[in-house]
Number of protein chains: 2
Amino acid sequence: MRGSRDVRRPATLASLAAELGVSRTTVSNAYNRPDQLSAPLRARVLEAARRLGYPGPDPVARSLRTRRAGAVGLLLTEALSYAFRDPAATGFLEGLALACERAGSGLLLVPVSPELADVTAVHQAGVDGFVVYSVREDDPHFKAVLERPVPTVVCDQPLHVEGVDRVGIDDRAAMLDLARHLTGLGHRHIGVLCMRLGTGRYDGPADDARQNGATYPVQRNRLGGLRDGFAEAGIDWAGIPVHERFAHSVDAGQAAAAELLAAHPEITAIACTSDILALGALRHAAERGLAVPEDLTITGFDGVPEGLRSGLTTVRQPVLEKGRAAGELLLERGDRNRPRTVVLPTELIVGTTSAVPRSPERWFSGW
Amino acid sequence: MRGSRDVRRPATLASLAAELGVSRTTVSNAYNRPDQLSAPLRARVLEAARRLGYPGPDPVARSLRTRRAGAVGLLLTEALSYAFRDPAATGFLEGLALACERAGSGLLLVPVSPELADVTAVHQAGVDGFVVYSVREDDPHFKAVLERPVPTVVCDQPLHVEGVDRVGIDDRAAMLDLARHLTGLGHRHIGVLCMRLGTGRYDGPADDARQNGATYPVQRNRLGGLRDGFAEAGIDWAGIPVHERFAHSVDAGQAAAAELLAAHPEITAIACTSDILALGALRHAAERGLAVPEDLTITGFDGVPEGLRSGLTTVRQPVLEKGRAAGELLLERGDRNRPRTVVLPTELIVGTTSAVPRSPERWFSGW
DNA sequence: CGGCGCAACGGTAACGGTTCAGACGCGGGG
DNA sequence: CCCCGCGTCTGAACCGTTACCGTTGCGCCG
């Protein structure tokens with residue numbers, strides 16, 4: 001209503017002070033330290049501000065002076081919009097947002113192009129700290145973040161970096177449990193579906209070289225857990241087909257499951273490194289008329305709501321807690337000890353998508 | 001590895017320039033305009049930067065000088081974490097994020113306390129513009145945003161504000177269609193479940209005064225659409241029970257449906273102003289052993305994935321497109337015409353949760 | 001050899017605030 | 001009467017950077 005939006009030359013703290021014949025300090029105090037000036041003068045300042053359309057101290061200038069931006073930056077490997085698409089990421093972000101709003105801090109989603117190595121966005125972000133969510137170890141954006149002189153918390157990143165706090169789960173141990181569950185049921189021919197392992201857009205079987213070169217710690221550890229668990233049951237990892245998908249979507253999981261089963265019809269179980277992929281595998285099974293779990297056992301990882309609703313056998317990880325812990329680690333730095341590491345518990349959820357394989361397979365030594 | 005993280009006095013562009021014996025401008029150019037200085041000198045600058053642990057130009061100082069923050073602020077009424085919990089909001093944000101990443105802009109989630117009128121977070125946000133998503137007309141944060149001298153786009157807000165672009169749908173017309181669908185099926189005793197209408201934490205029946213005082217335009221228009229549609233079939237709005245819920249969750253919808261049916265057992269249909277509430281109503285029906293749609297028709301609004309999976313009769317609105325449009329309106333301001341308004345299309349989805357009411361009701365004049 | 005144009009670089013002034021150490025009057029206690 | 005303390009308000013120094021414009025050096029042409 002008031003013509004405050006179309007002022008030619010925007011008012012500044014200085015112009016306001018000049019107008020009133022007081023010092024800049026006084027105007028500043030009117031906003032930030034009401035007890036430092038008399039009430040009548042403060043009222044005069046605020047009235048003049050309204051009259052001149054002065055919107056209050058400029059946040060950027062204030063940030064420069066106070067060395068506080070009032071925001072936390074979030075870096076994730078995927079495109080920005082991925083944060084709202086993937087349920088596990090969404091849960092993490094909800095927890096992170098919770099911590100942020102408690103601390104009165106904003107949350108800046110840093111725009112990164114997953115392919116492009118353009119780190120200007122990281123350089124451009126005016127933030128008090130970064131949360132890095134599940135990125136490649138050699139991600140250039142990650143590297144750029146570490147160069148910034150602000151505190152950083154990484155999530156799902158076992159690599160120890162000087163001065164960087166960490167939060168995550170024990171992916172390997174969790175997956176080891178799941179592997180034991182599978183071998184305990186008697187499965188011996190198991191296929192694996194995993195997410196992106198490294199740089200470059202690749203879809204298909206992941207051979208040993210590719211697995212060993214994996215730069216996503218989460219995927220590496222989950223595969224490692226499976227390997228260890230299978231080894232305990234005397235199953236050689238070399239005989240386990242692992243199929244990788246660049247995209248993380250139900251569709252990708254479906255396609256990967258089709259590819260895997262076509263190449264290895266003897267398989268009685270598919271272990272997926274994420275619920276999303278597992279949901280895709282379930283869809284493929286339904287499409288092909290395979291009964292789950294009678295004909296085929298399918299397991300996931302994460303414990304996303306949709307997976308749990310489907311009765312998926314999976315590992316539930318506290319994604320929301322992870323986000324909250326990351327935020328708190330970053331924001332509540334009252335106790336400036338040394339870098340800390342938070343490892344959150346996981347839980348094996350045995351649903352209705354895993355069972356003893358059909359008879360020809362029942363050769364396990366138990367009972 | 002290099003001791004760049006624990007430098008006592010952080011290096012600045014000026015200190016680097018002093019160290020090298022060149023001007024600050026030259027160092028600045030080394031980063032921002034590589035073509036403005038010779039390659040060897042640039043290499044020397046960058047090398048010295050690495051050696052001194054200079055992380056590159058400070059983003060906040062740069063923002064102050066260039067008057068660009070490289071980020072868009074998002075304001076929503078609910079708590080920050082709500083953005084990741086509500087599927088409609090998530091869709092909107094995904095679209096907005098898409099637009100942001102295309103423009104290389106960050107997305108700053110501004111932390112607001114829905115109850116508290118603390119607008120400092122709005123003042124503190126260093127952004128080039130705001131997107132305001134579905135807030136009360138009299139929201140103090142919204143007011144604070146309008147006072148900031150940056151472009152603003154509002155979503156789902158028919159109120160015209162000078163210089164503010166808008167994006168949304170025609171809630172009233174969409175709901176009118178849905179009302180016609182219900183009356184066309186023969187429903188005459190219809191209950192309504194709606195979201196928060198105004199200030200204050202209130203759960204229960206919303207009388208006329210409360211409906212007319214509604215400060216959430218979206219809710220007001222959806223109710224208005226129902227009212228108009230019912231009027232066309234000769235149904236007096238005064239006889240329509242409307243129940244309101246403060247919280248927007250499936251649980252809230254479930255409780256509200258229970259309350260509504262307890263108070264009005266003659267109801268044959270429940271029209272909800274959101275899918276989330278409708279999913280709650282569905283859950284209540286299942287719990288009480290009511291067959292849907294045979295015993296009870298239930299409709300929603302939004303077209304969220306979970307609703308569509310459930311076969312919910314609803315109105316699909318392009319939430320992702322809304323977000324993208326909002327972002328583009330804000331970011332692609334090449335054509336500085338006058339403020340614009342984008343109204344996106346909606347679609348009535350007739351699912352499996354709406355049908356002709358049981359016989360005693362079949363008195364409508366058709367055939 | 002002088003003038004000219006261009007590439008490379010430097011100096012100065014913002015950008016809009018916050019902060020800290022006082023200055024200034026004023027009333028009260030010694 | 002002097003000194004002190006207190007409530008208010010001011011001056012000036014930053015915060016770290018980029019925009020603007022002037023300067024310098026060099027090669028080239030007539």
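So that the names make sense, note that chain A is the first sequence line, chain B the second, and so on, each numbered from 1.
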Side-chain N,O (B:S28) to OP1/OP2 (D:dT17) below 4.0 Å: no

Side-chain (B:D128) to main-chain (B:A69) donor-acceptor, under 3.5 angstrom: yes

Check: A:T90 side chain, A:D86 main-chain N or O, donor-acceptor pair, under 3.5 Å: yes

Nearest-nucleotide 5' precedence on DNA chain D, B:N32 against A:L64: A:L64

Mind calculating the distance between [atom1] ([X]) and [atom2] ([N]) to the nearest angstrom?
X	N	atom1	atom2	result
A:R65	D:dG16	CZ	P	9 Å
A:Y31	C:dT19	OH	C1'	19 Å
B:R67	D:dT17	CZ	P	17 Å
B:Q124	C:dG17	CD	P	14 Å
A:D58	D:dC15	CG	C1'	13 Å

Sugar-phosphate only, base, or nothing, as touched by B:R33 at under 4.0 Å among non-hydrogen atoms: sugar-phosphate

Sugar-phosphate only, base, or nothing, as touched by B:G126 at under 4.0 Å among non-hydrogen atoms: nothing

Per-nucleotide protein contact string for nucleotides 5-12 of chain D, where B marks a base within reach and S marks sugar-phosphate only (heavy atoms under 4.0 Å, - for neither): ----BBBB

Estimated bend of the helix from C:dC1-D:dG30 to C:dG30-D:dC1 (axis per five terminal pairs, rounded to 10 degrees): 60°

Between [Y] and [X], is there a salt bridge with N-O shorter than 4.0 Å?
X	Y	result
A:E328	A:R340	no
B:D156	B:K322	yes
B:R136	B:D138	yes

Contacts of type salt bridge (Lys or Arg N to Asp or Glu O under 4.0 Å), residue A:R24, not counting sequence neighbours: none

Validation row: A:P151, A:L330 side chains within 4.5 angstrom (heavy atoms): yes

Side chain proximity check, A:S28 to A:L13, heavy atoms < 4.5 angstrom: yes

Residues that A:F130 engages under ring pair (Phe, Tyr, Trp, His ring centres under 6.0 Å), provided they are two or more places apart: none

Interatomic spacing from CZ in B:R51 to CG in B:L46 - rounded to 0.5 Å: 12.0 Å

Test side-chain hydrogen bond (donor to acceptor under 3.5 Å, both in side chains) applied to B:R324 - qualifying residues, sequence neighbours left out: B:E321

Contacting residues from residues 13-20 of chain A, given that a heavy atom lies under 4.0 angstrom of DNA chain D: none

